[in-house]
**Q** 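Attaching a single structure in structure tokens format; questions to follow.
The sequence lines fix the lettering, A, B, ..., with proteins before strands; numbering per chain opens at 1.
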2 protein chains.
Amino acid sequence: MPTIEDVARHAGLSRTTVSRVINNQPYVCEEKRQRVLSSMGDLGYVPNSSARRLRNKKTETIAVLLPRITNPFFSHMMEAMEKKASEWGYQVIVCQTHYSADKEIDYLELLRKKQVDGLIMTSVHNDWTKIEEYLASGPIVLCNENMEEANTAIIHIDQKQAAYDATMHLVEQGCKKLAFLCGNTESSITRARRSGFMKALHNRGVAFVEHDSFQEAMDVDNGREILSIIQEEDPEIDGIFTGSDEVAAGIIYEAIQRGISIPEDLAVVGFDNQTISMLMNPSISTVEQPIVDMANKSVEVLIQHIEQHLRQKREEYVFDHTLQQRNSTMRNIAVPM
Amino acid sequence: MPTIEDVARHAGLSRTTVSRVINNQPYVCEEKRQRVLSSMGDLGYVPNSSARRLRNKKTETIAVLLPRITNPFFSHMMEAMEKKASEWGYQVIVCQTHYSADKEIDYLELLRKKQVDGLIMTSVHNDWTKIEEYLASGPIVLCNENMEEANTAIIHIDQKQAAYDATMHLVEQGCKKLAFLCGNTESSITRARRSGFMKALHNRGVAFVEHDSFQEAMDVDNGREILSIIQEEDPEIDGIFTGSDEVAAGIIYEAIQRGISIPEDLAVVGFDNQTISMLMNPSISTVEQPIVDMANKSVEVLIQHIEQHLRQKREEYVFDHTLQQRNSTMRNIAVPM
DNA sequence: TTGTAAGCGTTATCAC
DNA sequence: GTGATAACGCTTACAA
């Protein structure tokens with residue numbers, strides 16, 4: 001592979017001049033500019049990324065941490081983030097934590113090694129005090145989680161209000177005994193949603209059920225298992241708040257197998273308005289989040305922080321959610337499927 | 001940020017010795033090794049990735065090209081690839097081509113810039129002769145596509161046989177007039193599947209329909225539109241081969257809206273055995289590919305090529321597929337849902 | 001407008 | 001065992 005030195009020699013000029021041409025800098029006359037350009041062409045020269053990164057102290061790369069890319073919520077986040085980053089000339093490294101605090105730390109280390117200029121976390125599995133240490137090495141943006149103590153940019157919806165809205169909807173449809181499901185037990189999201197759920201119940205005096213296995217509800221299989229448990233242990237439950245459309249889909253699938261009718265016997269509300277929520281039969285009522293807008297904002301804020309060396313300052317962006325009412329909850333009013 | 005120089009000074013030793021400790025090299029006595037280790041701890045030293053990349057001429061990073069990460073087929077590929085790469089200590093850059101040949105070239109350039117050590121393509125939008133030029137800069141593995149001319153490692157299933165199997169299944173269920181849908185028109189996959197589809201028809205003398213809009217069928221919305229077109233233009237079609245479960249789901253969704261009964265009026269077969277194919281009601285018959293195995297193999301082969309400097313040699317790995325028969329096609333025999 | 005030379009933070013070579 | 005020193009390929013003062 002030819003280096004800048006080779007190009008300079010071939011063009012009969014100095015490395016400096018070649019460098020100026022590469023970087024579109026002024027102070028190089030048109031004739032020499034052309035000579036450099038044609039030498040670059042002749043030799044098939046391409047600037048070496050590693051050398052530039054070392055010299056310029058920037059990588060033009062960001063890392064995006066998420067649990068698993070197969071979860072549609074996160075793949076939609078990633079799609080938008082990669083697209084936006086690419087527009088700004090940044091590369092994106094995928095970092096799947098698989099819900100592990102240790103893996104999360106491994107990926108945060110990318111910041112200290114200077115392998116990335118900045119990092120977006122869409123899920124959090126360590127305490128903020130632990131994560132905060134990494135802010136010294138580069139900017140971190142939280143997208144989705146809202147940690148109260150976090151002194152950095154955070155992008156999210158009002159999870160408490162969203163859960164409240166969804167739960168109130170179940171209550172209004174006449175549910176008398178509700179179950180609350182969530183993913184990662186200790187996340188800020190779960191705490192906020194639980195609090196919104198409880199608030200809605202409190203207002204109406206409806207009963208609810210806690211169960212250990214309702215604490216790790218992430219995917220279709222979890223949803224199926226949970227419906228089985230509910231049938232065995234507490235068949236009186238007639239309404240379920242789930243934290244994801246996949247879990248809701250699993251519940252509905254299993255309910256159909258067992259001849260339980262949705263929404264009459266059991267109303268179910270999902271989260272995220274994924275394609276599956278529209279496709280299921282019955283379709284799934286769900287809370288819609290503006291995923292693409294949130295993703296775009298996260299990347300913009302991160303790149304701004306990178307380029308302006310901002311850090312250690314809380315900066316909050318709250319996006320709006322909307323409740324999509326569909327057939328998995330609508331008991332009173334007939335809704336065209 | 002402290003450098004190796006700072007650590008050396010703090011420990012009262014040379015950079016060389018510190019470097020030896022960092023890289024677990026021999027010829028450093030235990031006492032000094034400890035002194036270095038504790039200096040590193042005191043200063044919070046972390047080796048700078050850019051400097052290492054320049055010096056060692058390797059990035060320990062690979063790029064994975066795919067159309068869109070939200071497509072479940074590709075997100076499952078990516079999940080497995082990132083996991084496997086991570087086990088080997090490699091980072092993964094996501095490169096979404098959005099079906100564009102130009103974007104594909106932009107990402108191939110990562111190889112020439114030495115920003116990645118190697119690259120996996122899961123879809124191809126340029127001619128092989130164009131892509132081949134990049135082999136000079138680093139290894140490329142094709143996972144999913146099978147280009148006949150490609151002199152590199154390729155991992156795939158027998159798409160022709162898979163399409164043949166799926167089509168024969170439709171024929172055996174009594175379909176008299178079939179439609180063939182596919183994604184990217186000019187891909188090797190489409191060519192192979194079309195040829196398998198035709199072979200099955202040829203054997204049985206069944207009719208089939210071509211239509212321009214059947215050529216860009218990638219997602220749920222495309223599926224819905226296509227069913228509308230079929231209803232208007234050729235309602236006699238009673239069996240559809242789709243290249244993806246999402247398209248099949250869209251077709252089924254729209255068919256239900258219109259009161260068309262599946263599989264009696266219309267049998268539909270999907271591809272990939274995604275979650276959606278099990279969840280839909282009726283469930284979708286589909287061709288299963290061993291995505292995770294293919295992804296793992298691709299990463300292993302790529303890393304082997306990187307570390308052993310192999311290149312320019314055709315090397316083919318063909319994986320087995322299986323047809324999952326479900327309710328979207330099973331007319332004769334009742335299958336428990 | 002152009003070129004010389006220093007240095008980004010590592011690691012490999014070679015001498016001690 | 002240990003330590004100077006010279007790269008790796010690039011950019012940027014500073015000089016000319």
**Q** dT10(C) C1' sits how many Å from Arg53(A) CZ, rounded?
**A** 15 Å
**Q** Would you say a side-chain N or O of Lys114(A) is under 4.0 Å from OP1 or OP2 of dC8(C)?
**A** no
**Q** Between the side chains of Thr97(A) and Glu104(A), does any donor sit under 3.5 Å from an acceptor?
**A**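 No - no donor-acceptor pair under 3.5 Å links their side chains.
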**Q** Nearest whole angstrom, please: distance from the P of dG7(C) to the CG of Asn56(A).
**A**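 Those two atoms, CG and P, are 17 Å apart.
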**Q** Between Tyr45(A) and Cys29(B), name the one whose nearest nucleotide on DNA chain D is closer to the 5' end.
**A**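 First, find each residue's nearest nucleotide; the 5'-ward one identifies Cys29(B).
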**Q** Less than 4.0 Å between a side-chain N and a carboxylate O, is that true for Glu31(A) and Arg35(A)?
**A** yes
**Q** To the nearest Å, give me how far apart NZ (Lys58(B)) and P (dT11(C)) are.
**A**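 Whole-Å distance recorded here is 12 Å.
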**Q** If only side-chain N and O atoms of Lys57(B) are considered, is one of them under 4.0 Å from the OP1 or OP2 phosphate oxygen of dT10(C)?
**A** no
**Q** So what does Gln25(B) touch, heavy atoms closer than 4.0 Å: a base, only the sugar-phosphate, or nothing?
**A**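 Sugar-phosphate contact only.
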**Q** Between dG9(D) atom P and Ile22(A) atom CD1, what is the distance in whole Å?
**A**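 The distance from CD1 of Ile22(A) to P of dG9(D) comes to 13 Å, rounded to the nearest Å.
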**Q** Can you find a donor-acceptor N/O pair under 3.5 angstrom joining the side chain of Arg55(B) to the base of dA7(D)?
**A**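 Yes, a donor-acceptor pair under 3.5 Å.
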**Q** State the CZ-CG distance between Arg191(A) and Asn184(A), to the nearest 0.5 angstrom.
**A** 9.5 Å
**Q** May I have the distance from Arg35(B) (atom CZ) to dT2(D) (atom C1'), rounded to whole angstrom?
**A** 11 Å
**Q** Working to the nearest 0.5 Å, report the span between CH2 of Trp128(B) and CD of Glu133(B).
**A**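 Reported value, rounded in 0.5 Å steps: 11.0 Å.
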**Q** Does dT11(D) have OP1 or OP2 under 4.0 Å away from a side-chain N or O of Arg52(A)?
**A** yes
**Q** Less than 4.0 angstrom between a side-chain N/O of Thr16(A) and OP1 or OP2 of dT2(C), yes or no?
**A** no
**Q** Counting only distance, no hydrogens or angles, is the base of dG3(D) paired donor-acceptor with the side chain of Arg20(B) under 3.5 Å?
**A** yes
**Q** For dT10(C), does either OP1 or OP2 sit under 4.0 Å from a side-chain N or O belonging to Ser19(B)?
**A**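 Checking Ser19(B) against dT10(C): no side-chain N or O falls below 4.0 Å of OP1 or OP2.
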**Q** Please confirm whether the shortest side-chain N or O distance from Lys32(B) to OP1 or OP2 of dT2(D) is below 4.0 Å.
**A** yes
**Q** Looking across every strand, which nucleic acid part, if any, lies under 4.0 Å from Thr3(A) by heavy atom: base, sugar-phosphate, or nothing?
**A** sugar-phosphate
**Q** Please tell me which of the listed nucleotides, dG1(D), dG3(D), dT11(C), lies nearest to the side chain of Arg15(B)?
**A** dT11(C)
**Q** Do Asn144(B) and Gln159(B) come close enough that some side-chain heavy atom pair is under 4.5 Å?
**A** yes
**Q** Round to the nearest Å and state the distance from Asn23(B) atom CG to dG9(C) atom P.
**A** 17 Å
**Q** Can you check the Leu54(A) CG to dT10(C) P distance for me, whole Å?
**A** 9 Å
**Q** Does Lys103(A) come within less than 4.0 Å of Asp106(A), counting only side-chain N to carboxylate O?
**A** no
**Q** Given dC14(D), dG3(D), dT10(C), identify the nucleotide with an atom nearest to the side chain of Pro47(B).
**A** dT10(C)
**Q** Would you kindly give the CE-to-P distance between Met40(B) and dT10(C), to the nearest whole Å?
**A** 11 Å
